[in-house]
Amino acid sequence: MSIQTSGNKQIDYLPIEQILRPIPPVLDYCKIDAMVSTLNGVPKESSTCKLENITAGELPPVDVLCVSDKGKKYYFAFGGCHRFQAYEKTKTAKVRCKIVPCTKSMLKIYLGSSVDNFFE
Ligand SMILES: Nc1ncnc2c1ncn2[C@@H]1O[C@H](COP(=O)(O)OP(=O)(O)OP(=O)(O)O)[C@@H](O)[C@H]1O
């Protein structure tokens, strides 16, 4: 659970290819393998999660920022790099998310002037 979404109980499922990930991941492959095992229904703890906190078959939702621009919605994730890898490895088409409404100028805090490269 994150500070941004602790009060948001709604879970959404977004197609993985619709989520933009501007920051290159730094990966712990043991963690990805443990998450794959959890998604496959065999809960396995990792460096950031104890077995008793795991639900077999699913991973905690990823926070996704949603920006509307010129009638189109754009989705950005700045975290969740291990969960995305686990979803790709298990060929899971939809990512379990918590969606946070955001504006282009808020996004600029993270992306600087390169923010415009992400919009049509
Ligand atoms: N093997 C696992 N099975 C189920 N849940 C896990 C497992 N490992 C970690 N988690 C949970 O997944 C969430 C994300 O973990 P973690 O932050 O380590 O990875 P991440 O997907 O790279 O996210 P971020 O980049 O935002 O840190 C946490 O709530 C953590 O408790």
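Scope of the values below: all heavy atoms of this structure, side chains included, with no hydrogens, waters or symmetry mates. Counting starts at 1 for both ligands and their atoms, in listed order.
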A side-chain contact here means heavy atoms from C-beta on lying under 4.5 Å apart; do [X] and [Y] qualify?
X	Y	value
Tyr74	Asp69	yes
Pro61	Arg83	no
Arg96	Tyr87	yes
Cys49	Ile54	yes

For ligand 1, find out whether one of its N or O atoms is nearer than 3.5 Å to an N or O atom of Glu45.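 No; the residue has no nitrogen or oxygen that sits under 3.5 Å from a nitrogen or oxygen of the ligand.
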Ring-face cation of Lys104 near Phe119 (centre distance under 6.0 Å, axis angle within 45°):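 Yes, a cation-pi geometry.
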When you measure from the centre of the six-membered ring of Phe78, is the NZ or CZ of Arg21 under 6.0 Å away and within 45° of the axis?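 The answer is no; the distance or angle limit is not met.
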Using a 4.0 Å heavy-atom cut-off, say whether Pro60 meets ligand 1 through its side chain, its backbone, both or neither.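 Contact part for Pro60 vs ligand 1: side chain (C-beta onward).
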Could you tell me which atoms of ligand 1, counted from 1 in the order shown, lie closer than 4.0 angstrom to a heavy atom of [X]?
X	result
His82	19 (O), 20 (P), 21 (O), 22 (O)
Gly79	25 (O), 26 (O)
Leu59	3 (N), 4 (C), 5 (N)
Lys44	1 (N), 2 (C), 3 (N)
Lys31	16 (P), 18 (O), 19 (O)

Phe76 ring center near Phe118 ring center (under 6.0 Å):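 When the ring centroids of Phe76 and Phe118 are compared, they turn out to be within the sub-6.0 Å range.
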Of the choices Cys49, Cys30, Pro25, which has the non-hydrogen atom that lies closest to atom 10 (N) of ligand 1?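 Minimum heavy-atom distance to atom 10 (N) of ligand 1 goes to Cys49.
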May I ask which of Ile32, Thr48, Leu27, Asp33 has a heavy atom nearer to atom 31 (O) of ligand 1 than the others do?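 Looking at heavy atoms only, the winner is Thr48.
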